[in-house]
Structures are given as structure tokens and as C-alpha cells.
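Every chain is numbered from 1, with letters handed out A, B, ... down the list of sequences.
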Amino acid sequence: MASVADHPILKGLNNAQRRAVSSSSATVAILAGPGSGKTHTLTSRVVWLVDEVGYRPQDVVVATFTVKAAREMMDRIGRALGGGREKKLILGTFHSICRRYLSAYGGKIGLPKDFGIADDKDSRGIVERVCKRLKLTLDPPTARAWISKQKAGGSEKESARAKKPPGKSLGLQELQTCYDEYQKQLERSNLLDYDDLLVRCVELLRKFPSCVSNIQSVLIDEYQDTNGIQYELMKLFAQHRSRITIVGDPDQSIYGWRSAEIGNLWRLLREFKGTEEVSLEDNYRSSQSILNLSLQVIQQDKDRYKKVLKPVHTRGSRPVLRKLKNAYAEADWIVCEMRRVIMMSGNMLTHSDVAILLRSAALSRHIESTLGKAGIAYKMVGGFKFYDRAEIKTLLDYLRVVHQPHNNDALSRIMNVPKRGIGEGTIKNLIEEAEQASMSLWTLLVKHCRGQRTAKTKITKHTEQRITGGLIRVIEDLRKISAHTDDVSGDSDGLVGLIHQLIKLLDFERFLKDTHPDDHEQRWANVQEFINVAADFVRDLEQTGDDTLPEIQGLQQSVETELLPRFLANVSLASDVQTGEDGENKPLVTISTIHAAKGLEWPVVFIPAVYQGSIPHARSEDQNEERRLLYVAMTRAKCLLYLSCPTYRSNSSDEPCELSSFVATISRSFLEKGPCLDRPVMEQIAQIVKRKLPSNEAIYGSLPSMYSPEDDFGCGPESEQDNRRNTSRQIGASIDAPPAKRPRLSAPAGGYDSSKELDWRKDYATTMEQSSNFTLKKSGTKTLHMLLQLAT
DNA sequence: TGATAAAAAGTTTTT
DNA sequence: CTTTTTATCA
């Protein structure tokens, strides 16, 4: 026993955590609030199971919900385990694990070998088409949501959720027809949508349990987010030994809209008697006052499962609820306050210690442009996706057609890109015609152009030539190249070569210049970046050999040889592109959606737009979930937490804006303005972040003279002007100059002595200059490339 | 029939 | 502020 307690992995864990990590129970449920070290505990248990219990890494399944969480976990386990053994773990998001199993064993359940993955856009397009063709009176998005719900619910009737057939039985009938037709379409294009990955994997593991006969233990992170089908998957993965470890927090369940069922927790405890429950009660993250206030928010939910949260840190300063005139003032204030905090900490805190968390990605616009103008570098997490940029999407669609010519949707999207004189109507007709003849669009086109069959849709000679020469030819040439990339070990830049060739054949740079004269450089840079991403992918795959499943005796698995399908799958399943290694040099402020911020923490957190309609969102169905969302956001903060709310909406009509009901009743518990940041306060912060606070001399010496160390935004002599919207933006450091080519350095408003400004502004100058391109461009077009520019 | 210009409408969260 | 629909012209 004593030797067990001595294992290095248990060092630095508290008693409850140790109990969870080293538990010999078959099933372990770790329930704990934010900041209690849940993920750390889970990773430690993985290490424990491998190192101490002796399971082979390839016999352990670890499932997460986001790609980011999976990467993070892989990193952490790797560090603790060493020897690169973590790479053998079956670790990833549910979706990526399922994809792996399906490509290895999908043949057993009649799945074609080279199935593709239908992303959001594909599936939306298909549903729309189906609705139109069958003349259904359905709202396509609603239908799609319904279909997804059906799939995600799981097949076991545990969830007696026959609750809402939206509307009448007629509606239900239509939905069902739409569902069937949708599936038929997917099948025809050899595609699986996100939900299908899970559904089909359940089918596989149920019919062929031997695929997972090696699995010793299954671990699930963020368990409160599992939906019906994921619960089934979990059980199926664990079907041979029933060894399951889950960690979760019902208060942080924020994926109900994705059919997550909190009930899965009780279900687990019921179905697996003798589950050891461990609760982690110590909160290592936040100051007492942040924790108290977050608790006040979440406790408004009367039905919740109550948990203990014991702060280990000092009281800290009270969170702030700031009211501003409008969203512009709000953004300006954030910049101001952020600077104040950093200055008053004598740079103990930097930009990378600050996060701005948003209910929806669209809210980032004001903030991004204000940060840009203030010359503050930032990174945006969630929201925009690199792979969604038009030019990248086009290239990807070409690649998808190369891989799967029968993917009608991808083909129809690229048919007229670059322009080949085929209009929307023509494409629609052709698809329709192919549909009638039950062949794919590709087959129809090829047949037509070879003269084996004349399409009844009119195609002029000229366009026909362009299709033959420009499209069919390109695809077929590329397919030849692709065939040579077959073995991974051989030609290592096969994939990259393929992409290069594609770009060359399309004359893509010229195409971009022609179609986007204003910002073709941007877009071309994105294309270059895309090539880099592909190269990285190839390199990573060669290094890690990741993605493969352990061999099981007596079981034939088809080996994934081709690079292209793997790359495409990776793209569909990755929400963002890895920016990791590049961005770390410059401290960047993080802007993120709340959803994407789950599991992360920052010393300083801003939550703007805390108003009715944003949190809770106007379109949300579940108030409690919205409240939990706010709770998640608030509990990301370690030391300083700021909520803010504009009094007026800033879209054309200046309607008044109502404070979120979640904080309205407790608004008196907040400070109205940023706290005083004197020495004692800063020392508490230093203690929480475990850094050393610079001396008073160092802090105050570098302060601009006459600098007011208070949060007096909007109270100074300038405040009169703030009433006009356009001038209200000038607080952010650089904008009171007339519009210049490059943001000019000038004194912030508010009556400081501008002659002393130079010293402290020097730090910002470099980023400011580099960021000029990004502030002057339309703000929607920020790209990875720009971030890289900022970073280097 | 397709491309271009002008007008209109639309914005949650992720795999 | 942007994407999608509609009208007009070639």
C-alpha cells in the first residue's frame, strides 16, 4: 500500500484526487465543480492505469468533446507518461475515434471503404435540396435539427423523449420523409454526417464486439455533455470489462442543444452499481469573491445538483458589473481597463493573461476592431474557421471530388468555380436529371461529354468544352497523381504535390486576382497557409503514426493507406487549424466564445454584452442552460472578473438594452467600476497567479504621470463627447487623429499628460504598426495569416 | 441562359 | 456589415 501511495503521479494531488486516480473500482464517477482539477485528475488516472495497473496504452480509450481538449490531454499525458507511449492511446473526440473504427472495420457493416464526411454545409445543402424537391413545407434548418436529434438520441428507449413532434402528425410525417430521403442522398454520395459517425459506430460495435475486445478501460472527459448515442458508445467500448471513468460537472452542461443529456449521469450510477463516486471540492482556480458570485448565479437554478466548492485562494477583489453607453463604449472601456490592470501590475500580468468571452462569435466585431485600433494583438478562438474561407473551401471541394467524384454537392459547388459559364439553374437541372437517372452528377457529366448520352439540360458547345477541358480533365489528372500518393512512406509530399498541382491547373492565383481584386493577396496567403497545414499534417502523421488502431488477433482491419481521405477527414473533424507553435512569442489577448472557453482559465476575464437577448440568447430554448453558460464564463476567471452591459443597442435603432436577468437581481453584489488596484489588491492577485509582484517603484515609476489609477472611464472631461457614437471610440489610444494610413500614436483621451506617454507606449508600437493592415481592412476578413504576421 | 448590379434580409453555441 | 435574393441587360 505504501508503495502505491508513493507513485510520482500522485504527488501534488489532494486526497480526493488521489482516491479518484488510484481507485480500483471498475467504474469511477468524478463529479466536481470548475477549477477543481478534473482534467488533471483524469489524465493522472490514465497514467496510473498504464503505469501502475499495467494496461497497454492501446487498450485504453479516452474520449473528449472538442479537438482542443483532445490535444491538450494528449500533451499532458505525454508529459507524464513519457516515451511517446501516449500516442498509442485511443484518444480523441468521440467523432474522431468513431471514424477510426469505421475506417478500420466499417466493411463489416457494409460501409464503403472510402466514405467521406459531410460537414455542416453539405448536410444543410442536402436537406435544403430534399425539402425543395419533395416540396415539403418544412423549414430546412428545423428539419435538420430534428434529424440530428433523432440520431443523437440513441436507440435505447431510456430517454422517453417522444415529447416534441413539432406541430402536427403531418409535420412528423414530412420530417420522416425528409429524414429518409436525406439518408438516401448521403448514402448515394458515400458520405456520413457527424451524427452518422456515432450511429454507425454503435452499429458496428454492437454487431461485432470483437473490435473492442482489447479495451481494458474507457475514460470520458466532460461527461455532462454526452448525449444518448455517446452514452451507448461508451458502454459499447467498455463492453468487455465494464471499466469506466468519467469526470463531469452538471453545472457546466452547455451542450443541451446538441442533445446532451445531463440525465446520463444518473443513468450511469443506476446501471453501474458500485460506481465509486468522488467529488473534488477544492477550487484551485478562482478567488473567493469570484466563486461566491458565480455560485449566486448558478444557484438561481433550483433543481440543480448541489455541490460544495471550497476556495483555496484569498478573497480577492469583487467582480465588476459595468454599464456602458453602447457596444463601442464597452469595447473602449475593456481596452482601457485591460491596460490599467497590466500597468498597475507592473507587467506582472500581460495581454496573454486576459480573455474576452462572448456568448456568440458575432459579438466579436466591435471588440476586434477596437483592439486592433489600440494596437493590441489578439487571437480569436471559435467563431471563424480557417477551412470555411471561400478560397480554401473551393480547394477542399476539388480535393473531395478527386477523392469521391460522386459527391454531388462538392462537385456542384466547384462546377462553375472558376467561371465556366454554367449557371445555378443549369446545375440544379443537371442534378435533378442525374437524380432521375439514378446516377451521380459526375457520371452524367462524363457520359455527356463523351457523347455517350446527351443531357436533356441544354449545354452549349462552348461550355461543354470548358467542362471537359477545365473540370473533368483536371479532376482526372489529379486522380492519377493521387493514386501515386498511396503509401505514406513513399513520396512524402504527395499530398502537398497534389495541392500544388491543383492550384497550378486551376491557375488559382490568377483566379483570385480576377475575382477578388481588392484582397487577393490575403486570399493567396491563405492558400499558402493551407499548403503549410497540409504539409504539417503529412509530417505529423509520419512522425506519430497516429490514427491507427491496435491489431486484434483474428480480426482483419482494412488499413488506411491513402493520405487524401485522411486529410479530408481531419479537416472535417477539426474545428480550427493548429496555430499553437507560432503564436506563443507575443502575448496575445484571447477572444473566445464561451463554449470554446470551457476548461480553460485566465487571470483576467471580461464578459461583455451581458444583456437580455445575448445571455440568455434570444433564440435559446433553455434558460437554465444559458445560465450555466454564464456560470462557465464567470468561473474561467482566476483573479479579476468583469461583466459589462451596454445601455443602448448599437445597431441603427438605439433601442434600450436590458441587463441580463441572471445578474439583475444580484447586481448589488458587483462593483460598479473596476476595483482599486493598489498594492494589497495586486499582492493578492500575485499570490493567486503565483508570480512575483514588482516593487512599487517599478510599477509607479513607469506609469505615465498624472495617470489616474482608477477606472474612471467615461467620467473624465471627455465624457460629454461620448454621447455621440463616433467620438466615443477615441479612448482607445490612437483614434483622435484624422484617419491616417497607419494608426498614429497619440495620447489617449482623458486628460493625461501626453508628453510622458512615449515610455509606456513604446511596447505597443511594434504591434500597432504591424497590425495596421488588420485594422484598416474590413474586419470580417481577418485571417490566420494576419495573426501570424502579428505573431512574428 | 448567365453575369452584373442593386436591393433586401439576416446573425447561437460544435463535431 | 455582410450574405442572399431579385431585376435587368447581354
### Query
Do the two ring centres, one from A/Phe511 and one from A/Phe508, sit under 6.0 Å apart?
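They qualify: ring centres under 6.0 Å apart.
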### Task
Calculate the interatomic distance between A/Glu621 atom CD and B/dT12 atom P; express it in whole Å.
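Rounded to whole Å, this separation is 13 Å.
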### Query
To the nearest Å, how far apart are A/Phe94 CZ and B/dT14 C1'?
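Distance check: A/Phe94 CZ to B/dT14 C1' gives 15 Å.
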Selected nucleotide, minimal atom distance to [X] side chain, candidates [options]:
X: A/Thr593; options: C/dC1, B/dT13, B/dT15; result: B/dT13
X: A/Arg258; options: B/dT15, B/dA3, C/dC1; result: B/dT15
X: A/Asn416; options: B/dT12, B/dT15, B/dA3; result: B/dA3
X: A/Ala596; options: B/dT11, B/dT15, B/dT14; result: B/dT14
X: A/Arg619; options: B/dT12, C/dC1, B/dT15; result: B/dT12
X: A/Val67; options: B/dT12, B/dT15, B/dT1; result: B/dT15

### Query
Any sub-3.5 Å donor-acceptor pair from A/Tyr101's side-chain atoms to A/Val212's backbone N or O?
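Answer holds: no.
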### Query
Under 5.5 Å between ring centres and under 30° between planes: does that hold for A/Tyr255 against the base of B/dT13?
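Given the distance and angle limits, no, they do not stack.
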### Query
With a centroid cutoff of 5.5 Å and a plane-angle limit of 30°, would you call A/His95 stacked on B/dT15?
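Here the ring of A/His95 and the base of B/dT15 are not stacked, as the 5.5 Å and 30° limits are not both satisfied.
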Which atom pairs link the protein and nucleotides 4-10 of chain C when you take only N or O atoms and keep those under 3.5 Å?
none

### Task
Could you give the distance separating B/dT13 and C/dT4 at their C1' atoms, to the nearest angstrom?
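Per the computed distance, 23 Å lies between those C1' atoms.
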Atom pairs and distances, side-chain donor-acceptor, residues 606-619 of chain A, under 3.5 Å, sequence neighbours left out:
from: A/Gln612; atom 1: OE1; to: A/Ser661; atom 2: N; distance (Å): 3.4
from: A/Ser614; atom 1: OG; to: A/Ala609; atom 2: O; distance (Å): 3.1
from: A/His617; atom 1: ND1; to: A/Arg619; atom 2: N; distance (Å): 3.0

### Query
With Watson-Crick and G-U wobble geometry limited to distances under 3.5 Å, how should the secondary structure of DNA chain B be encoded in dot-bracket form, using | for bases paired to another strand and [ ] for crossing pairs?
||||||||||.....
### Message
Using a strict threshold of under 4.0 Å (side-chain N to carboxylate O), is an ion pair present between A/Lys393 and A/Asp119?
### Response
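A salt bridge is present here (some side-chain N lies under 4.0 Å from a carboxylate O).
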#### Entry: Position toward the 5' end of DNA chain B (nearest nucleotide), A/Tyr194 or A/Ser620
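Comparing both residues, the 5'-ward one is A/Ser620.
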